[in-house]
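Worksheet for the structure shown next.
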Amino acid sequence: VSDLRTEVVFEGYDGPTAQGLLDVVRPVYGEVYAESPYCEGEAEVEGFAKGWERLVAAPGFRLVLARSAEEVVGFTFGYTLAPDTRWWAGALTQLSEHVTREYPGRTFAIIELAVRKPFRRRGIARELHRRLLEGGTAERVTLLVRPEPEAAAAWTAYATWGYAKVGQVRPGPDLPVYDAMVRPLPFEARRSAPPF
Ligand SMILES: CC(C)(COP(=O)(O)OP(=O)(O)OC[C@H]1O[C@@H](n2cnc3c(N)ncnc32)[C@H](O)[C@@H]1OP(=O)(O)O)[C@@H](O)C(=O)NCCC(=O)NCCS
């Protein structure tokens, strides 16, 4: 019996090697984030594309692609937060200094995680996430996710993978409210594999 998961191939990239991959990420980004609750249109996808060059130049940038029969069916990427990051600036609740204090190499931030609809519920996001963090050196991982009723699949996945909500953040005046989640990155996980 063929297991669909065996047909999916995962590829990891750092900033320089990811630079030329906008053309394969963009269509998946456009398709997935057109869905509710994101409802992004051409303008937002164009904004994403314009930001790619700067994004891949971020310190510690990593991208993982999932391909099925050569076609990209999912991706995830993130980077290490700088000590002067604005990541916590839009907090809507008082967050403790213990949560918001950044120092070099403390926190890896996951920026996007997306799997095309026909390929969901096969563990592809789980494997993308695992590979993104594999061999990383940060002490913890953070991400922003729309509140649970709006993004149930993502919220449930993150809770299942050990993330806990620390508060709510509005990253910009025109942006929606997100739950900020954090998960420690165990020392063993940081050492267990070489970075790609
Ligand atoms: C969130 C997303 C990436 C999950 O992708 P996926 O490949 O289907 O996820 P997996 O199969 O690896 O499932 C991981 C876990 O997510 C949870 N999950 C996934 N889909 C779910 C759903 N529809 N309802 C509830 N939980 C769900 C489950 O806990 C699941 O584990 P299980 O299937 O072993 O119980 C995908 O639904 C997606 O692209 N959504 C739109 C984009 C998005 O919201 N991205 C996150 C932005 S922060």
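Start at 1 and go down the list; that is how both ligands and their atoms are numbered. Source: prediction; values computed, not measured.
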| remark: Thr160 heavy atoms within 4.0 Å reach ligand 1 at atoms 29 (O)
| field | Per-atom contacts of ligand 1 with Leu144, taking only distances under 4.0 Å to non-hydrogen atoms | value | 48 (S)
| message | Using 30° and 60° as the class boundaries, would you call the ring planes of Tyr29 and Phe48 parallel, tilted or perpendicular? | response | parallel
| With atoms numbered from 1 as shown, which atoms in ligand 1 lie under 4.0 angstrom from a non-hydrogen atom of Val32? | 39 (O), 41 (C), 42 (C)
| Atoms of ligand 1 close to Arg122 [distance to a heavy atom under 4.0 angstrom, numbered from 1] | 11 (O)
| remark: Note: ligand 1 atoms sitting under 4.0 Å from heavy atoms of Tyr33 are 45 (N), 47 (C)
| note | For atom 6 (P) of ligand 1, the closest protein heavy atom turns out to be Ala125 CB, 3.5 Å
| query | Looking at atom 18 (N) of ligand 1, what's its closest protein heavy atom, distance included? | reply | Ala153 O, 3.7 Å
| request: Could you check which of Glu112, Arg121, Met181 puts a non-hydrogen atom nearest to atom 27 (C) of ligand 1? | output: Arg121
| message | Only heavy atoms of Gly123, strictly under 4.0 Å: list the atoms of ligand 1 that pass. | response | 10 (P), 11 (O), 12 (O)
| Presence of salt bridge, Arg26 and Glu46, under 4.0 angstrom | yes
| message | For Leu65 and Val25: C-alpha separation, side-chain torsions, deciding distance, then whether side-chain contact (heavy atoms from CB on, under 4.5 Å) applies. | response | CA-CA 8 Å; Leu65 298 183; Val25 172; 3.9 Å; yes
| task | List every atom of ligand 1 that sits less than 4.0 Å from any heavy atom of Trp161, numbering the atoms from 1 in the order shown and giving each element. | result | 14 (C)
| Which protein heavy atom lies closest to atom 47 (C) of ligand 1, and at what distance to 0.1 Å? | Tyr38 OH, 3.6 Å
| field | Close approach, Trp155 and ligand 1, non-hydrogen under 4.0 angstrom | value | no
| remark: Note: ligand 1 atoms sitting under 4.0 Å from heavy atoms of Thr156 are 25 (C), 26 (N), 29 (O)
| note | dist Phe75:CZ -> Leu21:CG (nearest 0.5 Å) comes out at 11.5 Å
| task | Decide whether Ile111 and Leu63 are clustered together by the hydrophobic rule: side chain heavy atoms of Ile, Leu, Val, Met, Phe, Trp, Tyr closer than 4.5 Å, transitively. | result | yes
| task | Check whether any side-chain heavy atom of Trp88 lies under 4.5 Å from a side-chain heavy atom of Thr142, and answer yes or no. | result | yes
| query | Any chance the side chains of Tyr33 and Glu112 put a donor and an acceptor closer than 3.5 Å? | reply | yes
| field | Arg131 side-chain N/O to Val64 backbone N/O, donor-acceptor pair under 3.5 Å | value | no
| message | Heavy atoms only: which of Ala154, Ala151, Ala157, Ser36 lies closest to atom 16 (O) of ligand 1? | response | Ala157
| field | ligand 1-proximal atoms of Tyr158, by part, heavy-atom distance under 4.0 Å | value | side chain
| said: Assess whether a salt bridge exists between Glu127 and Arg130, defined as any Lys/Arg side-chain N lying under 4.0 Å from an Asp/Glu carboxylate O. | reply: yes
| task | Calculate, to the nearest 0.5 Å, the distance between atoms CG and OH belonging to Leu55 and Tyr79 respectively. | result | 6.5 Å
| query | Who gets closest to atom 37 (O) of ligand 1 by heavy atom: Arg116, Arg120, His129? | reply | Arg120
| request: Report the nearest protein non-hydrogen atom to atom 45 (N) of ligand 1: residue, atom name, distance rounded to 0.1 Å. | output: Leu113 O, 2.7 Å
| Has Leu128 got any heavy atom lying under 4.0 angstrom from an atom of ligand 1? | no
| field | Nearest protein heavy atom under 4.0 Å from atom 39 (O) of ligand 1, yes or no | value | yes
| field | Interatomic distance, Tyr13 atom OH to Phe77 atom CZ [nearest 0.5 angstrom] | value | 14.5 Å
| note | In this structure, atom 34 (O) of ligand 1 is nearest to the protein heavy atom Arg126 NH2, 3.4 Å
| field | Ion pair check, Glu71 and Arg116, cut-off under 4.0 Å | value | yes
| Sub-4.0 Å heavy-atom contact, Ala114 with ligand 1 | yes
| message | Looking at Glu102 and Arg140, is any side-chain nitrogen of the basic one under 4.0 Å from a carboxylate oxygen of the acidic one? | response | yes
